[in-house]
Amino acid sequence: MADRDDDDDVPAGDDYLWDRSGPEDPEVARLERLMAPLAHDAPLALPDNVVPLAARRRWPIVAGVAALAAAAAIAIVVLRPHGGGGGGGGAGCDRGAGFAFSADSAVKCDRGAAAHGTLAVGGWIETTDGTARVEVANIGAVELAPRSRLALRDTSASEHRLALEHGALHAKVSAPPRLFVIETASATAIDLGCEYDLAVGPDGTGTLTVVTGQVELAAPSGVIVVVPAGTTARFTPHGVGLPVRTGANQVMIDAVTAFDPGKPETVEAIISAAGDGDQITLVNLLALAGPYQRDALFDALHALSPCPEDVVKDAIIAGDKDQLARWRESVVDGWMISPWSGREPPGEPRTLPPDKAAAWRGTVPVDAAPAAGDAPPDAPPVPPMPEDRARDPGGWGPQ
Amino acid sequence: MLTLGSTVLRAALATATITSGSGAGSAGGRLERPPHIGERARVSELPVADLVRAARRGDRAAFAELYTRFARAVHAVVLARADYRDAGDLVQDVFVIALERLNQLADPGAFPGWIMTVARTRAIDHRRKRQPSELVDEPAAEPVPSADAQRVLDAIRALPDAYRETLIMRLVEGMSGPEIAERTGLAPGSVRVNLHRGMKLLRERLGVDERAGDPAAREVERG
């Protein structure tokens, strides 16, 4: 469940729905009576032989993390000048409150170097030849690859925010969505309950590969793509790229790399290259493309993953944000169940009578093509996934 | 991991349900002594983190208390994704998984959010692996929902994820908003917003006017 902070649209008098105080809401009460028989009331039936397993040893350093960093062709070297100046040797890395870390060899921190300590708010740690593990507020952990720097921006009950300044990491989190966030110079990964690999170079170019669950990748412009398990998205200082499934052919990868929302031919190239299994790419593209491309995009995506019954084609073409989000959620949910779903012939999508369609186009703001931009033509190619991930990226591969 | 997949198996295992209270048990974890009322009251008053720590040490009553507190929320999470007939078994699976992996939970206080994630993962995994023919061949282990209830459940399942689970917890499991917040680890304000927005969408989908209580014309007609 998404955690929200705003409640300004909750009217007064909603108390019965909240805690059954105040006057009874007839509809809520009716639904309570109707649905009560479905409630859970079975006792716990626990076999005697089920016991807590011994705590496992620390996660093995994911070989793919280092391989990802190496294969990315990103220069993951060089100490970045730190505002506070490099710490002198010998001082500890323990400033009290923060996230505990441990490493197989001494890491640099803003106050010196140590093999274990605390990553405090406003502080950073940087690995050299070894790796480090950072415990994130008891909701998960981050494994930091060699020659990588990680900073802690903030930690609170509503959000834990880190920053990968350069290098690579592997994150595994079990928490409510959007509690765990990792920034980079170019994009922010917002955890929705998952495990993923994140890498970024000093120029801000990077990749996000999701192993399980899904992650929102947000650009400073506000553009967001949803990256579910079994897909990889690139990002650059120019914006976030479209997620591409593991095993996508080079034609598709090239088409996604060349995507520019200001150039309709790049959208057409993606549509032409897309096939079964590319619905994640297409549904994210739907939100980023201009209205004139959405018609063809709608048909291409509908053929792979039929739009839900409550989604209207005219609204999608007009760029209605709620409708776009609804379809994206449906596609991602289906992808999480089976990346190769949607094989049944799609039915006719819902369309409006011409007069109502015109009303849609008149009242719903047409999305100006956002400056999502992908990398300039000479940007480095999408780095290949580490071999172990490529074989089975979390078990979501083709059946 | 033992998956409780049939009525017969569950009935057989029900006889092995732990019946007593605290601390060390036999090698198989089966406790013989019936609890004292005082002990039972003590378990029900313990904070979640303490229950988790006790369960890790083999205290089955502590784990049973965790089940008592969180089973409905887990059922709601499962019901948001899986067929009603499978939901009961899936809840048991989730708690078997939870007990086995309890030592992986670094912060016992994070148990609410953690077990919700375990439940979602299990429900998604079940749905991914289940073949359509199984829905026809297996006898109904649970009473079949009424047509109206099924229609409402389908409408709730079509809602965005943020609202789906919260509404099922409220309308099906009978949990209050504060209780939902406590059991899921979400902020009360967030739960309240999710309930309000979700209920609003649900009313629209069910064709009920929010103010008048009468069926209302839909804003968007089916094409």
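Each chain gets a letter, A, B and so on, in the order the sequences are listed, and its residues count up from 1. Here the structure is a predicted model, which means the values were calculated and not measured.
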S.K.: Listed by chain and number, what are the salt bridge (charged side-chain N to carboxylate O under 4.0 Å, His left out) partners of Asp322(A), not counting sequence neighbours?
M.R.: none
S.K.: So do Trp114(B) and Ile139(A) actually touch side chain to side chain, heavy atoms under 4.5 Å?
M.R.: no
S.K.: What pair of heavy atoms forms the shortest contact from Glu329(A) to Leu159(B), and how long is it?
M.R.: OE2-O, 3.6 Å
S.K.: With rounding to the nearest 0.5 angstrom, report the CG to CD distance, Asp107(B) to Glu135(A).
M.R.: 11.0 Å
S.K.: Mind checking salt bridge (charged side-chain N to carboxylate O under 4.0 Å, His left out) for Asp154(B) and listing every partner two or more places apart, or none if nothing turns up?
M.R.: Arg157(B)
S.K.: Could you tell me which of Ala158(B), Pro112(B), Pro178(B) has the largest number of non-hydrogen atom pairs under 4.5 Å with chain A?
M.R.: Pro178(B)
S.K.: Any idea which heavy atoms bring Leu38(A) and Tyr84(B) closest together, and the distance?
M.R.: O-CE1, 3.4 Å
S.K.: Could you tell me the separation between the CH2 atom of Trp18(A) and the CE atom of Met199(B), rounded to the nearest 0.5 Å?
M.R.: 16.0 Å
S.K.: I'd like to know which of Pro160(B), Gly109(B), Ala87(B), Ala55(B) tops the heavy-atom pair count under 4.5 Å against chain A.
M.R.: Pro160(B)
S.K.: Applying side-chain contact (heavy atoms from CB on, under 4.5 Å) to Asp15(A) and Arg192(B), what does each step give before you reach the verdict?
M.R.: CA-CA 9 Å; Asp15(A) 294 336; Arg192(B) 189 157 192 165; 2.6 Å; yes
S.K.: At a 4.5 Å cut-off on heavy atoms, which part of Ala149(B) comes close to chain A: side chain, backbone, both, or neither?
M.R.: both
S.K.: Can you pull out the residues in residues 67-74 of chain B with any heavy atom less than 4.5 Å from chain A?
M.R.: Tyr67(B), Ala71(B), Arg72(B)
S.K.: Measure distances from Val172(B) to the heavy atoms of chain A and classify the residue's part below 4.5 Å as side chain, backbone, both or neither.
M.R.: both
S.K.: Answer with side chain, backbone, both or neither: which region of Glu32(A) has an atom nearer than 4.5 Å to a non-hydrogen atom of chain B?
M.R.: both
S.K.: Heavy atoms only, distances under 4.5 angstrom: which of Val118(B), Leu102(B), Val152(B) has the most pairs with chain A? Name it, please.
M.R.: Val152(B)
S.K.: Are any of the side-chain nitrogens in Arg203(B) or Asp25(A) under 4.0 Å away from the carboxylate oxygens of its partner?
M.R.: yes
S.K.: Considering all heavy atoms of both residues, which atom of Arg20(A) and which atom of Gly174(B) are nearest to each other, and what is their separation?
M.R.: NH2-O, 3.0 Å
S.K.: Measuring from Leu31(A):CG to Leu202(B):CG, what's the distance to the nearest 0.5 Å?
M.R.: 6.0 Å
S.K.: What residues form a salt bridge (charged side-chain N to carboxylate O under 4.0 Å, His left out) with Glu182(B), not counting sequence neighbours?
M.R.: none
S.K.: Ignoring hydrogens, what is the shortest heavy-atom contact between Ala42(A) and Gln92(B)? Give both atom names and the distance.
M.R.: CB-NE2, 4.3 Å
S.K.: Relative to chain A, which segment of Arg164(B) carries a heavy atom at a distance below 4.5 Å: side chain, backbone, both, or neither?
M.R.: side chain
S.K.: For His116(A), is the NE2 atom crowded, meaning more than 12 foreign heavy atoms sit under 6.0 Å from it?
M.R.: no
S.K.: Would you find a donor on one side and an acceptor on the other, under 3.5 Å apart, between the side chain of Glu179(B) and the backbone of Asp19(A)?
M.R.: no
S.K.: When rounded to the nearest 0.5 angstrom, what is the spacing between CG in Leu34(A) and CD in Gln150(B)?
M.R.: 10.5 Å
S.K.: Where do Met35(A) and Glu173(B) land on the side-chain contact (heavy atoms from CB on, under 4.5 Å) test, with the steps shown first?
M.R.: CA-CA 8 Å; Met35(A) 306 303 286; Glu173(B) 309 296 338; over 6 Å; no
S.K.: Using atom types as modelled and distance alone, determine if a side-chain donor or acceptor of Arg170(B) lies under 3.5 Å from a backbone N or O of Leu17(A).
M.R.: yes
S.K.: With a 4.5 Å cut-off on side-chain heavy atoms, are Leu44(A) and Glu65(B) touching?
M.R.: no
